[in-house]
Amino acid sequence: MKIGYPCINRSIGCTANSTFRLANYSETNLLEKVSNNLDCLIKILKYNLDNNLLFFRISSDLIPFASHQICKFNWQDYFKERFREIGDFIIENEIRISMHPDQFVLINSNKEDVIKRSIEDLKWHCKVLDLMRLNKTAKVQIHVGGVYGDKNSAIEKFIDSYTKLPHFIKKRLVIENDDKSYSLKDCLSVSKKTGAPVVFDSFHHSCLNNGESASEAIKLVKNTWKKQDGIPMTDYSSQAPNERAGKHAPHIDIENFSKYIRETRESDFDIMLEIKDKEKSALKAIALIKNS
DNA sequence: AGTTGTCAAGCTAGT
DNA sequence: ACTAGCTTGACAACT
């Protein structure tokens, strides 16, 4: 079991998700930001290694506007060696990597243009992981998408788009249950048709479910991860106290986390902590696991 | 230097 | 028909 946190480290004084406005797009700006982001990424990974945090989500801002039509620069070639070095570090130290394109990436949209741009976005995410030479255990996770008033046909649309994806995307794409539209059960049925592994998000599951306990849920998703995909990736968070239902907690609720670990102890899986204070909570989680 | 408004992209629910 | 909220940090323009 590996523990990690997404995208940002708040202790080491740099960010690997620095970006700029579209209005200020220039090759110079892009080069500067990407270069800075890659430098910081390796620093974060080193910090993580020192602290036994072996799961990390790389920010979608790593290459700003990578899939936007404005970007004509061949960053793949220009930063080839840097990607390779970072990849070597990841592989040597057996760090698990994920990426999570944001809410705009929808392969089941009823607008062809949205699907097209989403695929372009998935392409660059997968390209980065390929340039790092990471194996199939490095994943790119998305939600199933919109419902458009008819979930069955929206799922059909997802399956149809998925089937047409190039192999280098398919080998990395995994789907995550969300808190409003697509439950774990929905994701499992999509997985059955597509073969895409399912990322279990425990917090979303607490918002939207069909009565499955956490330990049942983990066992169910486990079957969707083949040997080459690695052990299941999962997302964990808890409800922010006194806030709207579905809002992520600012700090880890260690009681809640401890209970989750106890309930699911018979399975091995990696945990991404989607908590606002990032590595701070991840360190607490690591300490808890060590002592349990 | 510190503060505040704004940012490429879509969907859903609520008015 | 329209908009706020999602979830969010960081850029950029303003004090």
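Quick caveat, the model's predicted, so the values are computed rather than measured. Below, chain A is the first sequence line, B the second, and so on; all start at residue 1.
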Which nucleotide sits closest to the side chain of [X]: [options]?
X: Ser181(A); options: dG10(B), dG9(C), dT12(B); result: dT12(B)
X: Phe20(A); options: dT8(C), dC11(C), dC11(B); result: dC11(C)
X: Leu106(A); options: dG5(B), dG10(B), dA9(B); result: dG10(B)
X: His68(A); options: dA8(B), dT7(C), dA12(C); result: dA8(B)
X: Asn110(A); options: dC11(B), dT8(C), dA9(B); result: dC11(B)

Under-4.0 Å side-chain N/O to phosphate OP1/OP2 contact, [X] with [N]:
X: Asn24(A); N: dA12(C); result: yes
X: Lys33(A); N: dA10(C); result: no
X: Arg21(A); N: dA13(C); result: no

(request) Can you run through DNA chain C from 5' to 3' and write each base as (, ), [, ], | or . depending on how it pairs? Watson-Crick or G-U wobble, both distances under 3.5 Å. (result) ||||||..|||||||
(message) Measuring only between side-chain heavy atoms, which start at C-beta, is Phe65(A) closer than 4.5 Å to Leu22(A)?
(response) yes
For [X] and [N], give me the distance from atom [atom1] to atom [atom2], rounded to whole Å.
X: Lys111(A); N: dA9(B); atom1: NZ; atom2: P; value: 12 Å
X: Asn108(A); N: dT12(B); atom1: CG; atom2: P; value: 8 Å
X: Asp277(A); N: dT8(C); atom1: CG; atom2: C1'; value: 15 Å
X: Phe65(A); N: dC11(C); atom1: CZ; atom2: P; value: 12 Å
X: His143(A); N: dT12(B); atom1: NE2; atom2: C1'; value: 14 Å
X: Glu176(A); N: dT7(C); atom1: CD; atom2: P; value: 11 Å
X: Gln103(A); N: dT8(C); atom1: CD; atom2: P; value: 11 Å
X: Asp179(A); N: dA13(B); atom1: CG; atom2: P; value: 11 Å

(request) Assess Lys151(A) against Tyr182(A): is NZ or CZ under 6.0 Å from the centre of the six-membered ring, and within 45 degrees of the ring's axis? (result) yes
(request) Measure from the ring centre of Phe104(A) to the centre of the six-membered ring in the base of dA9(B), then say whether that distance is under 5.5 Å and the planes meet at under 30°. (result) yes
With heavy atoms under 4.0 Å as the rule, sort [X] into base, sugar-phosphate or nothing.
X: Ile8(A); value: sugar-phosphate
X: Val147(A); value: sugar-phosphate
X: Asn17(A); value: sugar-phosphate
X: Tyr148(A); value: sugar-phosphate
X: Arg117(A); value: sugar-phosphate

(message) If you assign each of Ser18(A) and His204(A) to its closest nucleotide in DNA chain C, which residue comes earlier from the 5' end?
(response) His204(A)
Going by an N to O cut-off under 4.0 Å, is there a salt bridge joining [X] and [Y]?
X: Arg82(A); Y: Glu85(A); answer: yes
X: Lys219(A); Y: Glu266(A); answer: yes
X: Glu255(A); Y: Lys259(A); answer: no
X: Asp130(A); Y: Lys171(A); answer: yes

(message) Please tell me whether Asp121(A) and Ser118(A) have a donor and an acceptor in their side chains that are separated by less than 3.5 angstrom.
(response) no
(message) Is it the case that the side chains of Glu279(A) and Ser11(A) hold a donor-acceptor pair, with the cut-off being a distance below 3.5 Å and no angle test?
(response) yes
Taking the [atom1] atom in each of [N] and [M], what is the distance between them to the nearest angstrom?
N: dG5(B); M: dT7(C); atom1: P; value: 22 Å
N: dA8(B); M: dA12(C); atom1: P; value: 10 Å
N: dA4(C); M: dT6(B); atom1: C1'; value: 16 Å

(request) Following the transitive rule for hydrophobic clusters with a side-chain heavy-atom cut-off under 4.5 Å over Ile, Leu, Val, Met, Phe, Trp and Tyr, establish whether Val34(A) and Met132(A) coincide in one cluster. (result) yes
